[in-house]
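First up is the structure itself, then whatever we jot down about it.
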2 protein chains.
Amino acid sequence: MAERSGYEGLKLENQLCFPLYACSKEIIKQYKPFLDKIDLTYTQYITMMVLWEEKQIGVKALGEKLYLDSGTLTPLLKKLEAKGLITRHRSKEDERNLIVTITEAGEALRDEAVDIPMDMGKCVDLSPDEAMVLYQLLYSILGKISAKGE
Amino acid sequence: MAERSGYEGLKLENQLCFPLYACSKEIIKQYKPFLDKIDLTYTQYITMMVLWEEKQIGVKALGEKLYLDSGTLTPLLKKLEAKGLITRHRSKEDERNLIVTITEAGEALRDEAVDIPMDMGKCVDLSPDEAMVLYQLLYSILGKISAKGE
DNA sequence: TTTCATATAATTGTGTGCAATTCAATCGTG
DNA sequence: CACGATTGAATTGCACACAATTATATGAAA
């Protein structure tokens, strides 16, 4: 009621996107000390999380899971390969597809990473209910956006 | 109950941080077509949003509002200056402080940006209640993290 | 089978994002 | 006033992130 300028929408505090963006960055920053211990960046960490589950996956499927494209993944995967955590090779059936496979060393790293989720949970400190609500809202948004792009 | 591997926490779907990170990126991607029209990147856009409100602000205060540091802001502000949207000059009282001031052209851009929040609202499509809950949870997290760093 | 369209990863270029360092200005203490 | 500590911006170096382009491989159609 107070504001009739027509510019109300153009305020940082009135945009959902901004706290989302800021929150994401700040939480990732909280991960840094824990990830430093296993010498991974955040993006490398979420990539390894997929590989700890899948053992083997194509770059395209990996990109869909992580919402990342080959421009980001190609150099990142080369670094993980250089660290000895994964191998990269072309699919025999279709040479266009590059398959990423976790190595022994990559598997072993999982044991060193096992406490990170709990350590981080302490940093963020939401109630289970709040976490659930937030989680569902975020995946609802992601679902709607993905649906739009087909 | 089903899973006793001890690795349950190390799954992408069980980490709050991941949907937050993915959601932030995907929404920013949705902004692109609208921001292209006024030739701003997302980071430049939120910077201009502060300046449309404040007219004039120091780099330090700007960084605190945007959760960005001088390493990000310095080159970004130079680009905005090159576009003629802002000016940069040192404070007379304390030469360490760099003051950013919006120009006429910067003010004028506000009129071209005025529809962006509504256009984006259509893209995300949450109910007002959901948006409010999400908004409050995010600022609650941001508040707790800021409080920890004093 | 040749050729055109499609699929996929890699490359290129631009713009963040942040830690660490540097540099200049200011402040506080003796 | 001197000088060491602090502050604030700029710089440097590294790692994304993504749009656009390129290159190669596959598949489909004539």
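First the proteins, then the strands, lettered A, B, ... as listed; each starts at 1. Keep in mind the model is a prediction, meaning the values are calculated, not measured.
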**Study point:** Any donor-acceptor N/O pair under 3.5 Å between D/dT24 base and A/R96 side chain
**Key:** no

Exercise for review: Answer yes or no: side-chain N or O of A/S70 and base N or O of C/dA10 forming a donor-acceptor pair under 3.5 Å.
Suggested key: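 Result: at least one qualifying N/O pair found.
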
**Study point:** Position toward the 5' end of DNA chain D (nearest nucleotide), B/K32 or B/P75
**Key:**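 First, find each residue's nearest nucleotide; the 5'-ward one identifies B/P75.
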
Point to revise | A/E93 or A/I28, whichever maps to the more 5' nucleotide of DNA chain D | key: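 Checking each residue's closest nucleotide, the 5'-ward one belongs to A/I28.
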
Review point. A/Y21 vs B/Y42 aromatic rings, parallel, tilted or perpendicular, using cut-offs 30° and 60°?
Key: perpendicular

Point to revise | Aromatic ring pairing B/Y31/B/Y45, orientation class (parallel under 30°, perpendicular over 60°, tilted between) | key: tilted

Check your understanding: When we call it a touch if two heavy atoms are under 4.0 Å apart, what does A/L76 touch: a base, just sugar-phosphate, or nothing?
Key ->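 Sugar-phosphate only.
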
Check your understanding: A/T72 near the nucleic acid: base, sugar-phosphate alone, or nothing, with a heavy-atom cut-off under 4.0 Å?
Key ->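 Contact class for A/T72: base.
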
Closest listed nucleotide, where the reference is the side chain of [X] and the choices are [options]:
| X | options | value |
| --- | --- | --- |
| A/D69 | C/dA10, C/dG15, D/dC18 | D/dC18 |
| A/K79 | C/dT8, D/dA19, D/dC16 | D/dC16 |
| A/T74 | D/dA10, C/dA10, D/dT26 | C/dA10 |
| A/D94 | C/dT16, D/dA17, D/dA25 | D/dA25 |
| B/K60 | D/dT26, C/dA9, D/dG8 | D/dG8 |
| B/Y21 | C/dT16, D/dA17, D/dA10 | D/dA17 |
| B/R90 | C/dA25, D/dC18, D/dA9 | D/dA9 |

Point to revise | Short N-O contact, B/K29 and B/E26, less than 4.0 angstrom | key: yes

**Study point:** Residues A/K65 and B/E13 bridged, charged N to O under 4.0 Å
**Key:** no

Could you give the [atom1]-to-[atom2] distance, from [X] to [N], as a whole number of Å?
| X | N | atom1 | atom2 | answer |
| --- | --- | --- | --- | --- |
| A/I99 | C/dT8 | CD1 | P | 11 Å |
| A/L98 | C/dT11 | CG | P | 11 Å |
| B/D36 | C/dG15 | CG | C1' | 13 Å |
| B/K83 | C/dT14 | NZ | P | 13 Å |
| B/I46 | C/dG15 | CD1 | P | 16 Å |
| B/Q30 | D/dA19 | CD | P | 11 Å |
| A/E26 | C/dG17 | CD | P | 12 Å |
| B/E81 | C/dG15 | CD | C1' | 18 Å |

Check your understanding: Hey, is the side chain of B/T41 poking within less than 4.0 Å of OP1 or OP2 on C/dT14, counting only N and O atoms?
Key ->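 False: B/T41 side-chain N/O out of range (4.0 Å or more) of C/dT14 OP1/OP2.
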
Check your understanding: Is A/K78 near enough to C/dT11 that one of its side-chain N or O atoms lies under 4.0 angstrom from OP1 or OP2?
Key ->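 Yes, within the criterion.
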
Practice item. Please check if the side chain of B/T47 supplies one atom and the backbone of B/T43 the other of a donor-acceptor pair under 3.5 Å. Key: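 Judged by distance alone, yes, a pair lies under 3.5 Å.
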
Practice item. Please confirm whether the backbone N or O of A/M118 pairs with a side-chain atom of A/D115, one donor and one acceptor, at under 3.5 Å? Key: no

